[in-house]
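Scroll down for the structure; my scribbles are underneath it.
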Amino acid sequence: MKAVSSSSPMLGTSQPATATALMVRSGRPEWQSSCAILTSKVISQEQSESLPVPPVSGGFDHLNGHNSAAARVPGMNLVPIEKSDSNPLVPQHRHHPQKPLSMTDLSRAPMHGSNLRVAYQGVPGAYSEAAAGKAYPNCQAIPCDQFEVAFQAVELWISDRAVLPVENSLGGSIHRNYDLLLRHRLHIVGEVQLPVHHCLLALPGVCKEFLTRVISHPQGLAQCEHTLTKLGLNVAREAVDDTAGAAEFIAANNLRDTAAIASARAAEIYGLEILEDGIQDDASNVTRFVMLAREPIIPRTDRPFKTSIVFAHEKGTSVLFKVLSAFAFRDISLTKIESRPNHNRPIRLVDDANVGTAKHFEYMFYVDFEASMAEARAQNALAEVQEFTSFLRVLGSYPMDMTPWSPSSSTSS
């Protein structure tokens, strides 16, 4: 499957993406009208000299809730939607068979089941693909070349979910995705923890002694730093977009002096050999992924839940103690706290006649705590937090991943 890229027409400012956005904001009848308008503009110049644009039929007006006067508005050449055996709601054009939009591509997928479309960053064989398969078994995995493209794929209804990493037990937080969580309006609906089993991959017949460089994702290089040194490899270490992409790059360019840090599944997909197995510095190497959707789920109390929030304050770090106390007084355990620069206000100036002008960095704080938003203690805690903060947003309240895992298990399985 070809990866969705940031330059893809479906994620740019082309007409299909505009119609997709309209479908999110309005109902299906209005979206059908938009499809017809966009389609008519594409073919209007070709038909202006030879074929007149057919008038809007009464059936089309009835479907969209418009009267026939809309067809007489100057500059709006509406094309009727005619029924067909294959798809009764897709516009059919006898002289222009190609359709710029398809109801099948943009239809709402079921909430559960094997037809769910899940976006992830990377190429086939990436750990994110394995996480998507663990979160949604038998789903249709959609590779994306960037984290932000995966966010946009969900927002534009190209995919139904996105599964993206947020932290690793060795490499720490993936800061890019924390920033994107704040920038976009998606909701966290679940989490999945995936044991990471790194392998050193190279083309068949290549020996470790002839390697001059090792490529992988920055997190992959960081998680295997000490092991690479112990192996005695005097090689350059270069970062690429993802682990499986490194394996694909070596295979595509026939690089016999380069190895990749990736999964055993990536070696199988791209025809590479495993020179060293399990090269992560710690056997308990786990990456936590979050599952994102356009709509939040309803929080419950019949199973362990986790809630993620982000907040900012304007009165310095002294307020942070009061915010955290709101959870401590209610016996709510925090599982993570992460600070990121406030891009809207990176520096705060404080004027004082005695000490002069002080400069303080402003931060956004991301907090995960073990409680459901359906619980009164969580609601009361956030009500108190809101009193001390200038900005507060709930990113999601979702079930915790309680699946047991074995440190020695390989993600290739």
Side-chain angles (χ1 to χ4, degrees), residues 3-4 10-11 17 20-28 31 104-122 126-144 146-167 174 176-194 287-310 336 366-369 371-374 378 393-403:
V4 178
M10 302 188 75
L11 296 181
T20 309
L22 288 173
M23 185 179 69
V24 177
R25 295 194 297 265
S26 58
R28 177 162 295 181
W31 175 78
T104 304
D105 295 335
L106 301 176
S107 60
R108 181 191 295 267
M111 295 298 294
H112 305 284
S114 59
N115 292 327
L116 208 63
R117 300 164 297 185
V118 181
Y120 69 94
Q121 188 274 330
Y127 294 106
S128 294
E129 183 193 35
K134 181 180 179 180
Y136 301 102
N138 301 320
C139 68
Q140 178 187 351
I142 301 177
C144 304
Q146 299 178 26
F147 289 128
E148 187 162 14
V149 175
F151 276 85
Q152 294 174 347
V154 179
E155 291 176 331
L156 297 179
W157 294 64
I158 298 173
S159 66
D160 306 291
R161 299 287 189 275
V163 175
L164 299 173
V166 290
E167 60 179 326
I174 291 87
R176 175 62 174 164
N177 283 335
Y178 276 98
D179 295 338
L180 291 174
L181 283 172
L182 183 61
R183 180 181 303 176
H184 295 268
R185 302 297 298 180
L186 298 182
H187 303 268
I188 302 178
V189 297
E191 67 172 1
V192 58
Q193 298 184 14
L194 183 76
T287 297
R288 175 174 169 252
F289 295 78
V290 292
M291 299 130 69
L292 304 175
R294 289 180 293 271
E295 299 293 338
I297 62 173
I298 300 176
R300 298 160 56 179
T301 58
D302 57 347
R303 59 170 297 178
F305 259 63
K306 181 183 291 186
T307 300
S308 298
I309 64 172
V310 56
K336 183 177 180 61
Y366 294 81
V367 172
D368 296 341
F369 59 88
S372 170
M373 284 302 298
R393 175 180 162 192
V394 177
L395 298 173
S397 188
Y398 48 91
M400 296 176 57
D401 183 10
M402 307 297 292
T403 306

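Atom set for the values below is all heavy atoms of this structure, side chains included, hydrogens, waters and symmetry mates excluded.
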Has [X] got a side-chain atom pairing as donor or acceptor with [Y]'s backbone, closer than 3.5 angstrom?
X: Arg117; Y: Ile142; answer: no
X: Lys134; Y: Gln193; answer: yes
X: Thr307; Y: Ala371; answer: yes
X: Thr287; Y: Leu194; answer: no
X: Asn177; Y: Val166; answer: no
X: Glu191; Y: Asp401; answer: yes

Minimum heavy-atom distance [X]-[Y], with the two atoms named:
X: Ser159; Y: Val154; value: OG-CG2, 3.3 Å
X: Ala150; Y: Ala162; value: O-CB, 4.0 Å
X: Gly122; Y: Ala126; value: CA-CB, 4.4 Å
X: Thr301; Y: Ala374; value: CG2-CB, 3.7 Å

Practice task
Show the numbers, then the answer: is there a side chain to side chain contact (heavy atoms under 4.5 Å, CB included) between Leu395 and Val310?
Solution key: CA-CA 7 Å; Leu395 298 173; Val310 56; 4.1 Å; yes

Between [Y] and [X], is there a side-chain heavy-atom distance shorter than 4.5 Å?
X: Val118; Y: Val163; answer: yes
X: Leu181; Y: Phe151; answer: yes
X: Phe305; Y: Met373; answer: no
X: Leu164; Y: Phe289; answer: no
X: Arg176; Y: Glu148; answer: yes
X: Arg161; Y: Leu292; answer: no
X: Pro165; Y: Ser128; answer: yes
X: Tyr120; Y: Cys144; answer: no

Exercise for the section: Tell me, yes or no, whether the heavy-atom count around Arg303 atom CZ, taken from other residues, nucleotides or ligands under 6.0 Å, exceeds 12. Expected result: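 Enclosed: over 12 neighbouring heavy atoms sit under 6.0 Å from CZ of Arg303.
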
Practice task
Flag yes if more than 12 heavy atoms outside Arg300 fall under 6.0 Å of its CZ atom; otherwise flag no.
Solution key: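 Atom CZ in Arg300 is not crowded, with 12 or fewer foreign heavy atoms closer than 6.0 Å.
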
Problem - Nearest-0.5 Å distance that lies between atom OG in Ser372 and atom CD1 in Ile298 - result: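 If I round to the nearest 0.5 Å, the distance is 11.0 Å.
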
Exercise for the section: Quick one: pull up OH in Tyr366 and CG in Leu182 and give me the separation to the nearest 0.5 Å. Expected result: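 Going from OH on Tyr366 over to CG on Leu182, the span is 4.0 Å.
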
Handout entry: Donor on one side chain, acceptor on other, Glu155 and His184, under 3.5 Å
Key =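 Yes, His184 and Glu155 have a side-chain donor paired with an acceptor closer than 3.5 Å.
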
Exercise for the section: Test side chain to side chain contact (heavy atoms under 4.5 Å, CB included) on Tyr136 and Met291 and set out the steps. Expected result: CA-CA 10 Å; Tyr136 301 102; Met291 299 130 69; 3.5 Å; yes

Problem - By ring-ring contact (aromatic ring centres under 6.0 Å, His included) - contacts of Tyr398 (at least two apart) - result: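 Listed in chain order: nothing, the list is empty.
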
Problem - Steps toward side chain to side chain contact (heavy atoms under 4.5 Å, CB included) verdict (Arg393, Arg185) - result: CA-CA 10 Å; Arg393 175 180 162 192; Arg185 302 297 298 180; 3.5 Å; yes

Handout entry: Step-by-step side chain to side chain contact (heavy atoms under 4.5 Å, CB included) determination, His187 to Arg294
Key = CA-CA 6 Å; His187 303 268; Arg294 289 180 293 271; 6.0 Å; no

